[in-house]
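Letters go in sequence order (proteins before strands), and every chain restarts at 1.
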4 protein chains.
Amino acid sequence: MSTLRFALFGAGRIGTLHAANLAIGRGTALACVHDPDASRAAALAATHGARVAGSVEDALDACDAVLVASSTDTHVALVEAAARAGKPVLCEKPIDLDIARVEACRAVLDAHPVPVQIGFNRRYDPDHGALRTAVAAGEIGRLEMLLITSRDPAPPPPEYVRVSGGLFRDMAIHDLDMARFVLGEEPVSVYAAASNLVDPAIGAAGDVDTAMVVLRTASGALCHIDNSRRAVYGYDQRIEAFGATGMLRSENHAGGTVSRFDAARTASRPPLPRFFLERYRESYRLELEDFVAALRDGRPPAVGFDDGYRALLLARAAERSSAEGRAVAPW
Amino acid sequence: MSTLRFALFGAGRIGTLHAANLAIGRGTALACVHDPDASRAAALAATHGARVAGSVEDALDACDAVLVASSTDTHVALVEAAARAGKPVLCEKPIDLDIARVEACRAVLDAHPVPVQIGFNRRYDPDHGALRTAVAAGEIGRLEMLLITSRDPAPPPPEYVRVSGGLFRDMAIHDLDMARFVLGEEPVSVYAAASNLVDPAIGAAGDVDTAMVVLRTASGALCHIDNSRRAVYGYDQRIEAFGATGMLRSENHAGGTVSRFDAARTASRPPLPRFFLERYRESYRLELEDFVAALRDGRPPAVGFDDGYRALLLARAAERSSAEGRAVAPW
Amino acid sequence: MSTLRFALFGAGRIGTLHAANLAIGRGTALACVHDPDASRAAALAATHGARVAGSVEDALDACDAVLVASSTDTHVALVEAAARAGKPVLCEKPIDLDIARVEACRAVLDAHPVPVQIGFNRRYDPDHGALRTAVAAGEIGRLEMLLITSRDPAPPPPEYVRVSGGLFRDMAIHDLDMARFVLGEEPVSVYAAASNLVDPAIGAAGDVDTAMVVLRTASGALCHIDNSRRAVYGYDQRIEAFGATGMLRSENHAGGTVSRFDAARTASRPPLPRFFLERYRESYRLELEDFVAALRDGRPPAVGFDDGYRALLLARAAERSSAEGRAVAPW
Amino acid sequence: MSTLRFALFGAGRIGTLHAANLAIGRGTALACVHDPDASRAAALAATHGARVAGSVEDALDACDAVLVASSTDTHVALVEAAARAGKPVLCEKPIDLDIARVEACRAVLDAHPVPVQIGFNRRYDPDHGALRTAVAAGEIGRLEMLLITSRDPAPPPPEYVRVSGGLFRDMAIHDLDMARFVLGEEPVSVYAAASNLVDPAIGAAGDVDTAMVVLRTASGALCHIDNSRRAVYGYDQRIEAFGATGMLRSENHAGGTVSRFDAARTASRPPLPRFFLERYRESYRLELEDFVAALRDGRPPAVGFDDGYRALLLARAAERSSAEGRAVAPW
């Protein structure tokens with residue numbers, strides 16, 4: 001089978017990771033890189049023997065598929081351009097921070113249908129994925145409660161916070177998508193409580209850094225999400241699924257397996273991995289692999305545009321709930 | 001120092017446990033037992049060489065202190081009688097299911113002040129207690145999030161559910177008290193979502209069996225509680241305290257330390273203890289010890305009448321929130 | 001059924017524990033206490049409403065069964081006296097440090113047969129026992145390797161070391177018995193290597209404090225034992241059984257369930273329990289219960305005189321092996 | 001700095017892994033591949049854009065350094081050829097199964113000194129390495145006992161067993177090297193006991209499959225190694241270092257982080273990784289990286305020829321001990 005040549009938009013941190021995955025992946029090649037920062041694009045392209053695309057059009061001409069890893073505010077325009085050019089797209093989350101723009105983008109996709117996958121890479125984490133598969137297979141009977149703990153090791157800089165769209169659209173959105181993924185049914189009610197406890201600069205930027213969310217589905221299943229922008233012991237990523245016949249927990253990845261015992265404490269382990277690219281490295285690789293497999297097999301991508309849209313609606317509902325002190329309907 | 005002679009009201013499951021603790025405790029003695037079921041009272045009294053009290057007055061006459069472990073609807077009358085007789089009381093939770101009756105009882109206690117301790121025994125669990133002590137000592141810096149998981153192994157019979165006061169006043173009340181204990185400040189907002197998922201008979205009895213609660217304090221700390229009436233793997237009792245400089249977790253007690261490894265799974269452990277009297281045996285003993293110490297030292301009991309009252313107000317707020325779909329103020 | 005009245009010899013640390021178990025046990029009573037230190041005997045007897053026996057004969061007259069918890073050098077004479085008086089005996093380990101005396105005692109027991117149980121209480125530890133039961137039930141297929149880790153929290157005082165019989169007869173003997181118990185067949189070869197690393201005073205007393213033993217059975221199963229007189233993190237008691245279809249591990253008992261996470265370390269637990277009477281409290285209780293049940297049912301005690309004898313022969317073999325640098329046959 | 005071009009001898013399982021590491025490593029390139037099976041060499045060379053070397057001389061001409069991953073019986077000749085050609089060598093373990101040949105090889109190296117590293121890759125495992133670093137830094141005080149558990153998931157085919165050199169030279173040799181690495185001093189006595197329990201075919205091939213080793217150093221430190229050719233729950237690789245002020249354990253790598261709880265068992269995890277190339281993938285990469293760094297820095301490789309020689313002498317001593325039933329001196 002022929003190799004799928006990708007145009008990569010964005011040569012930053014996540015673009016660099018995707019570039020490496022494209023370069024070593026089976027059946028994928030990095031054809032060209034586009035980035036507003038031309039030298040950054042050139043450096044990344046050179047590493048993998050790809051070329052720099054001088055324009056979006058140039059990039060789209062030279063590829064079979066598109067990977068959008070540029071800044072969030074450029075996502076919609078690139079997805080639309082790819083759709084018009086008839087090229088399948090793997091687009092990093094979120095589609096956009098603005099729901100109206102996302103809806104407009106959807107209209108473009110309706111007119112120019114191409115396969116689109118949204119980069120909720122955590123669905124591809126082997127452990128989270130194994131938990132979801134077991135839940136879906138009925139291993140714990142009916143799912144009654146889901147608990148998602150998701151805490152970053154350290155807060156982002158205030159300048160990022162200001163353009164991030166806020167904790168719910170920037171950070172919790174991953175967990176809201178994970179909730180939909182594992183619950184297997186849509187939430188019908190969203191409650192959120194949030195505070196600015198970690199860093200006053202985040203509050204000054206109009207955002208929160210600590211939050212709890214409760215989702216409720218039509219069948220009555222309950223889901224808890226908690227977020228913090230700072231966990232000193234590392235990147236804390238856990239899921240607990242509680243059902244009628246058992247419980248499943250996707251525990252943290254270890255930061256090393258050496259345990260220490262002394263007169264003061266026993267069984268202590270090193271801190272958790274601190275960096276999301278390290279913690280979720282495998283999930284980025286598998287996400288790309290599945291996108292390519294979907295294109296090959298002619299099936300829709302497993303994480304579609306609508307998943308990106310719905311996660312955003314849940315994030316918006318959480319914002320409203322937090323402001324109004326009541327549960328709100330997300331749709 | 002002289003021995004403190006107790007009158008025990010209630011010869012059921014919890015009364016039996018308290019009787020044994022009174023019998024073997026330092027500085028305590030079981031003087032007499034009173035129970036509407038005279039043969040039950042007689043059997044328990046005989047076990048410990050105590051006598052049966054023919055009436056409440058008889059019991060109060062024969063004792064230095066009172067332990068109320070009778071059915072909930074008798075608590076207030078017994079506390080009031082003890083107060084009028086000038087006898088200190090250790091009263092099982094809840095004081096009553098009806099807030100007006102609790103307030104009336106408080107008025108009686110104001111007029112006839114005696115030391116009263118409410119039986120929130122879990123505060124005396126050595127592990128939960130160590131967590132709270134560490135939080136209070138600042139070991140994890142400012143407390144930002146608290147997560148309390150509290151799941152019973154199996155649902156109570158429907159006839160109990162009907163008189164229990166409902167999940168929030170009967171079961172969550174322990175966790176609401178624990179939240180106050182660990183948070184170190186009062187919740188100002190309560191949100192709850194609840195479902196009937198475990199047993200339709202519970203729903204038919206007008207109650208829920210699965211719930212999540214979110215508390216928020218004035219300083220912005222957030223607290224999650226989740227409850228289920230049925231956890232097939234045993235009695236699940238965990239607390240996680242997340243703070244600015246660390247995290248503390250009071251993990252489940254083991255149901256045994258043998259782990260199993262085979263071709264299908266590794267490190268598997270036996271189910272958790274299934275019975276609350278087994279899981280919290282030590283806490284009942286320590287609760288009594290501390291009550292006696294408080295009387296001896298002339299200090300107020302560590303868990304006072306007001307703690308019982310406030311936990312009940314929080315439970316009521318959770319009920320309202322669950323019904324109205326919004327966060328409510330508890331006080 | 002009538003209560004079994006015990007005469008207790010020895011009012012020291014272990015005697016005190018046994019006295020409490022006799023006092024609270026079903027179907028047992030502490031009739032009298034005998035100890036060379038009369039005031040110690042009186043104090044213990046008073047605690048439990050028992051009387052002090054003025055002599056061995058007096059004690060034997062007043063009882064249905066005997067519990068020997070006196071100093072090791074008195075065990076044989078007391079077992080023999082009990083046998084001659086026709087009273088069943090539960091005797092603390094070791095029977096004696098001297099094999100010739102043990103053999104002479106056996107001759108007396110052959111002439112005056114009474115039920116005798118040797119106090120290898122660890123066989124009654126619920127976790128070690130569950131491991132052994134699972135091995136015997138074939139849960140891990142054929143047992144191929146057994147690993148026993150047994151480390152004391154702190155070394156005994158040199159004066160004790162001097163009369164202890166040495167690490168192998170005093171400490172490893174428990175593990176050698178455990179090995180026989182779990183292996184289910186007799187070792188045919190014993191190798192030991194030992195060092196004086198913990199405390200020079202132990203070496204000066206002619207003993208070692210650190211040892212490894214390898215046992216081999218006729219079928220080829222291998223068993224490792226390691227001992228240290230000092231583990232700063234607490235009393236370390238683990239067993240690992242490795243078989244054709246799986247592995248079982250009896251892990252340490254926790255010194256508390258609170259785990260701590262901070263910037264330097266995660267999941268750290270408190271030190272292990274430090275005191276053997278605390279770690280094995282339940283096993284002492286169950287050992288007594290089983291002894292009484294054996295008497296009631298007319299079956300031989302589960303841990304007989306021969307078990308005490310064989311453990312001693314294994315300890316002697318380990319000593320020889322350590323001295324000679326070669327594996328030796330124990331029988 | 002210029003890239004180091006490697007000639008790779010051996011295109012089998014381990015050669016393939018090394019080829020990939022050479023291809024993606026910083027500062028390394030795979031120049032050519034040599035293998036008696038020309039098509040296997042061609043396939044591997046093609047994957048990485050390298051060429052096939054028609055002869056050993058051809059390969060040595062075309063490279064800056066040599067990686068020997070061919071069958072054991074060819075190691076010595078290739079190391080000698082590389083030395084004569086003045087090329088540094090990273091040679092897989094063991095150097096040879098025959099000690100006389102190893103000594104002859106050493107003589108050649110004395111005459112033609114080049115940097116030689118032996119592939120005891122486990123020293124580079126980040127967790128084992130962290131344990132050793134902590135021991136060397138005195139984190140647990142004086143090291144008193146070391147326990148190494150090393151069990152393969154499944155036995156090799158009998159045809160491999162026949163040419164493997166036996167369990168001690170083929171499998172335990174890794175653990176004997178690890179013992180030297182962590183102990184920080186040489187063993188002076190070796191005891192081994194071994195059995196054929198796993199597979200009669202292994203016994204028929206003249207080998208054992210289950211073994212325990214005890215090492216003793218001059219200072220009195222003790223070391224236990226246990227080996228099995230079959231652990232149904234996966235590849236079991238653990239190290240425990242016990243010292244005067246603490247204990248360190250390098251625990252198994254997880255086969256996944258999802259734990260399961262149901263009515264029969266709690267906290268069960270997936271089986272361990274089953275394949276050594278998966279378990280030690282990182283160590284192979286770091287081993288190569290360190291070899292290259294040593295060449296660059298002009299320092300001797302961290303794991304030298306003498307380490308390979310000494311591990312072999314320890315394996316031979318274990319064989320002798322197992323045959324003779326006594327501890328033997330290894331040197």
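- With a 4.5 Å cut-off on non-hydrogen atoms, C:A264 touches chain A through its backbone but not through its side chain.
- A:T133 places a side-chain N or O within 3.5 Å of a backbone atom of A:G129 that can act as its donor or acceptor partner.
- Side-chain atoms of A:D175 and A:S150 include a donor-acceptor pair closer than 3.5 Å.
- Contact count against chain C (heavy-atom pairs under 4.5 Å) is highest for A:V232 among A:V232, A:L272, A:N252.
- The contact between C:P271 and chain A is made by backbone and side chain atoms together, counting heavy-atom distances below 4.5 Å.
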>> Set out, in order, the CA-CA distance, both residues' side-chain angles and the distance that settles side-chain contact (heavy atoms from CB on, under 4.5 Å) for C:R281 and C:F275, then state yes or no.
In response: CA-CA 10 Å; C:R281 181 173 304 279; C:F275 192 31; over 6 Å; no
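- With hydrogens and angles ignored, the 3.5 Å screen pairs no side-chain donor or acceptor of C:R269 with any backbone N or O of C:G255.
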